[in-house]
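Residue numbering restarts at 1 for every chain, and letters A, B, ... go by the order of the sequence lines.
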2 protein chains.
Amino acid sequence: MLQHSPPLDLMFQALADPARRAMVERLCRGPASVSELAKPHSMSLSAVVQHLQVLQASGLVRSQKAGRVRTCRIEPKALRTAEQWIAERRTSWERRLDRLGQFLAAHQDEPDHGSKS
Amino acid sequence: MLQHSPPLDLMFQALADPARRAMVERLCRGPASVSELAKPHSMSLSAVVQHLQVLQASGLVRSQKAGRVRTCRIEPKALRTAEQWIAERRTSWERRLDRLGQFLAAHQDEPDHGSKS
DNA sequence: CGAATGCTGAAGCATTCACTTAAGTATCAT
DNA sequence: ATGATACTTAAGTGAATGCTTCAGCATTCG
């Protein structure tokens, strides 16, 4: 409740489903139509479209219709946003470890510093 | 349905909730007890524990109990796994763009291409 | 000891999710 | 125009999610 980042919610939620991740993987190899994306999956076209709606709401995928074919492509910018969130936390943790290491190294040869007596 | 990666499912699912992300952020600044993690949130302790269970099932967080206090810490390895999945897709996309660029450059002087004036 | 602390577990409940089927619309081919 | 293609929309269902409350159980403190 400290802060809100709707896009991040939607992005991770979108990536949490294996079918949607498979679609992202497919789209990373190039744009595709809805039925092309549906082909490898053993679910109804409707279900695929619903997954695509989740992906679009998350900003990970964009699509446009030409004639009767809707062509989908990934939005690498969004992919990078998610990547960066994780990277920032990870490096935050690594910085902490560094500080801890430095502290331990600095106090290695002064076991006790008259803290209380 | 082409392949299964349960840990990735659980990881992204875990990161999809703002409360859980907040807990991850907190844990990146150092280990914490359950009630410490609960403090910033306006939900019951039970709810927090349930979020922690999700985080642990995903492998993002590990915890151990000492006396009556359970201490939680993040598992940076898991964080890196999620980061890498995204990074791999993104670079896969970038490689594709590179190839496309090379192709376009190579065929620049070829017949009618229908480019904008 | 008994009370406070810190967590644990189970049940319940409203909402959301991941599908399904069925019926519809727009486009393209013949 | 007819039919096939490529979605689109709506409604429904069972399971999972995100909470809640209440009751329990060790551990630590006075």
Report, one pair per line, the protein and nucleotides 28-30 of chain C atoms (nitrogen or oxygen only) whose separation is under 3.5 Å.
none

Looking at residues at least two apart in the chain, or sitting in another chain, which of them share a side chain to side chain contact (heavy atoms under 4.5 Å, CB included) with [X]?
| X | answer |
| --- | --- |
| B/Ser46 | B/Ser44, B/Gln50 |
| B/Arg62 | B/Arg73, B/Glu75 |
| B/Ser35 | B/Ser33 |
| B/Ala82 | A/Ile86, B/Met11, B/Phe12 |

>> Taking side-chain hydrogen bond (donor to acceptor under 3.5 Å, both in side chains) as the definition, give me every residue that meets it alongside B/Arg80, ordered by chain and number, with sequence neighbours left out.
In response: A/Glu94
> Can you name the side-chain hydrogen bond (donor to acceptor under 3.5 Å, both in side chains) partners of A/Gln13, sequence neighbours left out?
Replying inline: none
>> Checking A/Arg70 now: which residues fulfil salt bridge (Lys or Arg N to Asp or Glu O under 4.0 Å) with it, not counting sequence neighbours?
In response: none
> Which residues satisfy the salt bridge (Lys or Arg N to Asp or Glu O under 4.0 Å) test with B/Glu88, sequence neighbours excluded?
Replying inline: none
>> Just to be sure I understand the geometry, which residues of residues 49-60 of chain A put a non-hydrogen atom under 4.0 Å away from DNA chain C?
In response: A/Gln50, A/His51
> For DNA chain C, which residues in residues 28-36 of chain B have a heavy atom at a distance below 4.0 Å?
Replying inline: B/Ser33, B/Val34, B/Ser35
> Is a side-chain donor or acceptor of B/Arg20 paired with a backbone partner of B/Ala14 at a separation under 3.5 angstrom?
Replying inline: yes
> Going by atom types alone, do A/Gln64 and A/Thr71 pair a side-chain donor with an acceptor below 3.5 Å?
Replying inline: no
> Given that A/Gln13 and B/Val69 both sit by DNA chain C, which one's nearest nucleotide is further toward the 5' end?
Replying inline: B/Val69
> Reading DNA chain D 5' to 3', which nucleotide is the first, and which the last, to come under 4.0 Å of any heavy atom in chain A?
Replying inline: D/dA4 to D/dA10
> Side-chain N or O of A/Lys65 less than 4.0 angstrom from OP1 or OP2 on C/dT27?
Replying inline: no
> Starting at CE of A/Met23 and ending at P of C/dA18, how long is that distance when rounded to a whole Å?
Replying inline: 11 Å
